[in-house]
Each structure stands twice: as C-alpha cells, then as structure tokens.
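Here is the structure we will look at.
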Protein chains: 2
Amino acid sequence: MPATKSSREDAVAAITAVFREFGYDGASLSRLSEASGLGRSSLYHHFPNGKEDMAAAAVAHLAGLATDGILAPLDGEGDATARVKAAAAGISKFYDGGRANCLANLLSIGEAATAAPGAAKSLISALENAFEQVAVDAGFAQKEARIRAEQAIVEIEGALVVSRAAGNNAPFQRALGRLPEILTGGK
Amino acid sequence: MPATKSSREDAVAAITAVFREFGYDGASLSRLSEASGLGRSSLYHHFPNGKEDMAAAAVAHLAGLATDGILAPLDGEGDATARVKAAAAGISKFYDGGRANCLANLLSIGEAATAAPGAAKSLISALENAFEQVAVDAGFAQKEARIRAEQAIVEIEGALVVSRAAGNNAPFQRALGRLPEILTGGK
DNA sequence: GTCTATAGTATGATAGAC
DNA sequence: GTCTATCATACTATAGAC
C-alpha cells in the first residue's frame, strides 16, 4: 500500500471530523489544514475543487462508515434481535456514544444542503429500509414494519439531539437499548 | 408606540430567521443586513457588540416565542389533554409545521455554542419540566411523568429531524398527534 | 506531493457625515 | 437612526518552486 493512499484516507478522516463539529460554514480551510496536517496547497492537490470536494469526501466517508458499521450488521447473519443489537452498537460508535452531531441536521443547515444535496435523505432512507426489513424478518407485517422503522429512527435522532443539548448521553443510550423492542418486539 | 421600537423588533425577527436558516457561521452580516433592511452601521447601532449581540437577541426572541406559544398553554387552564393539544399547536407553529431547523441542534454547532452557551439546554429543560407537570396533572406518578416528558421531547425533536431530512412533514405532524397519548395517556 | 507566497474576495467592525 | 466609505482581518483559491 503506497503512502499516498493512507495519507489521503487519514486526511479525509480528519476533515470529516472538522465538518462534523463545525458544520460546512464553520469548517474553514485553516481548521481543515490544521486538523489534517496538510498545507493549503496540499489540500487542493487532493481536492481540486476545494472545500466543496472536501465536504463531498466527508459525506462519502460517513456514508461508508454507516454502511459498514450499521447497514451491514442489519443485513447479516443471525436472528433479527441479534442483528438489531449489532446495529445499535454500530450506531453508538458512529455517533461517538452520543457526543457527535446529528448528521441529518448538519447536512440541512446553510450551505451544506447545497454542497451535499440529498445526502441526509438517502442515508436516512437506507437506514429506514434496513430497519423495515429486519422488522419483517422478526415477523411483523410490512405496514407495521415500516411504522416501527420510522419510529426507531425518530427515537434515535431525537435522543441524540436531547443528549447533546443536555450534555448527557443517557437518553441516547436508552434509545439504543429500546431498539430491539421497537424493531423486533424483543423476539 | 415609537417607530424606533417596532423597527428593532422587526429587525430581530428578520435576524432570527437568518440565524435559524444558516446557523451562526453562515449568518453573515450581508445576509443579516439584507434580511432586516438595515445597513451595516444601523445594525451596529442596535447591536453594539455586533454579530454576537444579534445572535443573543435571536435566542432571546426564540425563547420568548417558545414561552408564549408552548410553555404558557401548558401552564394554563383546562384539563391536561386540552393543554397538551394547545402546546402541540404552539410547537407546530414554532417549527413552521416542521420546516424550521431543530433549534437544539443549531445551537450546538460550531461557534453558536460559544455565542449562546446553555441556551439549548435551558430551553429543553424548561419544556421537559412543563411536560412533566402536565403528565403529573393527568395522574401519572412523578417518576413515570418524567420518563414520559423525556420521551415526548425525544419524539418531537427526532420527528423534526426526519421530516426535514426527508422533505416531508408527515413524521413531525404524527409526533405532535401522539403527544396527548404520551403525556396524558389520552385522558 | 508538499511547500511558501500571494491573489482576490468576503468577512466583521468602525468612523464620521447627515 | 441611518447612511457612505473604509479599516483590518480571515477567507477560499491559485501560482510556482522544490
């Protein structure tokens, strides 16, 4: 593996963290440069279209993390409840236990919506479909499964918002704990 | 009423809308000036400390709207369910039927947290206390009332996030419809 | 692939006339 | 109380050496 590849991957991870904490407008090139350890010109070498490219890379990176850590476990082996528990662990990691910003909200604020159009919608939609399928696998009818999938996402996102506002991870962790009950009835 | 007063009030309302749509970092003086119809210097006349003052005024304005439109109905006359329904109508208006940004999230991103420290926490805390009281009035024990109050806030905020991401107000409206059931058991 | 240096623009903020 | 004109700074982005 060439040093090139890992350097860019490292940069993307660092850049993603900055966008996540400060939002699109707050993520200045100074901050992005400092966090990635790359000078301005190096950033433009990796991301020719500048900040817009960096934001796109960050969104793609997050989509990859969500796919590997959340969607894949839901689509994996084992009974429905076990898969939901694995996904809950993945969600906790994805949101740093409740400390990271709610992604869907970040992507809908200010210029972010322009830089990554539809990103939040497609991420949430993919998760909702996976939740629905696992609920069907657990024995719920399609219609009921869809309702429960939406309810699960609502509770996760809401608990994340409350946890961050209150500076207390408990609501988020409680929501994750309720996931098996919501999606599979505990079966 | 002097023209002075109404002019400033109008400006605060316009400024609030800009902060709400673009976040703290995205709310540039150009945008704030255009939205309020005031030149840069006029803005600094009304808000001597500049952008920071404007953000503080916006937060105070939103807190006032929440108090009048949501907290007051909860604390008003009538049975618990009627008060919850009145509050639900207030919440819908506050969030423009599900089109406006989730406030708690906005206030926790980037520089906004510095400009209005603790604002999200105190707003959510006030709402949680009011919800808890109405659940107690409906006959729930204190502990159960607290759980239901938190659940209500989680569902509202979560549904708002999902609605905005999906570009569909239905989840938010459904969450508001569930409020009486959650907080008063429909009583 | 990374750097220094810098262009060009937008930002937040001020001064002073009216 | 609002304006025009302007400041200093930070921003995104580019040029060109190594």
Side-chain angles (χ1 to χ4, degrees), chain A residues 1-59 61 106 109-117, chain B residues 1-59 61 106 109-117:
Chain A
M1 55 175 124
T4 302
K5 182 78 179 298
S6 91
S7 165
R8 198 198 129 110
E9 286 303 302
D10 290 350
V12 169
I15 282 168
T16 300
V18 173
F19 277 110
R20 239 182 149 177
E21 181 173 355
F22 297 99
Y24 187 86
D25 295 302
S28 67
L29 286 197
S30 308
R31 280 202 251 248
L32 293 164
S33 171
E34 186 183 16
S36 64
L38 294 172
R40 279 165 147 66
S41 292
S42 299
L43 285 177
Y44 275 89
H45 175 260
H46 291 293
F47 310 97
N49 278 57
K51 195 170 165 177
E52 213 168 323
D53 274 4
M54 298 180 217
V59 169
H61 184 240
L106 260 188
I109 292 168
E111 306 304 315
T114 314
Chain B
M1 55 175 122
T4 301
K5 182 75 180 298
S6 91
S7 165
R8 199 200 127 109
E9 286 303 302
D10 291 350
V12 169
I15 282 168
T16 300
V18 173
F19 277 111
R20 237 181 150 178
E21 181 174 355
F22 296 99
Y24 187 86
D25 296 302
S28 66
L29 286 195
S30 308
R31 279 203 252 249
L32 293 164
S33 172
E34 186 183 17
S36 64
L38 294 173
R40 280 166 147 66
S41 292
S42 299
L43 285 177
Y44 276 89
H45 175 259
H46 290 294
F47 310 97
N49 279 58
K51 196 170 164 176
E52 213 168 325
D53 273 5
M54 298 180 218
V59 169
H61 184 239
L106 260 188
I109 291 169
E111 307 302 316
T114 313

Completion exercise
Readout for nucleotides 11-18 of chain C: B = base within 4.0 Å of protein heavy atom, S = sugar-phosphate only, - = neither; 5' to 3' it is SBBBB---

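Rounded to an integer number of Å, the gap from CG of A:Asp10 to P of C:dG1 is 14 Å. Atom CZ in A:Phe47 sits roughly 15 Å away from atom P in D:dT14 (whole-Å rounding).
With sequence neighbours left out, A:Ala57 forms a side-chain contact (heavy atoms from CB on, under 4.5 Å) with A:Arg8, A:Val12, A:Phe47. Legend: residues meeting side chain to side chain donor-acceptor pair (under 3.5 Å) with B:Thr16, ordered by chain and number and at least two apart, are B:His61.
Annotation: side-chain hydrogen bond (donor to acceptor under 3.5 Å, both in side chains) contacts involving residues 33-43 of chain A, sequence neighbours excluded, are absent. Counting only residues at least two apart or in different chains, side-chain hydrogen bond (donor to acceptor under 3.5 Å, both in side chains) contacts with residues 47-57 of chain B are absent.
Contact check, A:His45 against C:dC3: no side-chain N or O comes under 4.0 Å of OP1 or OP2.
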Report, one line per pair, each donor and acceptor closer than 3.5 Å where one atom sits in a side chain of residues 18-28 of chain B; sequence neighbours left out.
{"unit_1": "B:Arg20", "atom_1": "NH1", "unit_2": "B:Phe94", "atom_2": "O", "d": "3.1"}
{"unit_1": "B:Arg20", "atom_1": "NH2", "unit_2": "B:Phe94", "atom_2": "O", "d": "3.2"}
{"unit_1": "B:Ser28", "atom_1": "OG", "unit_2": "B:Arg31", "atom_2": "N", "d": "3.3"}

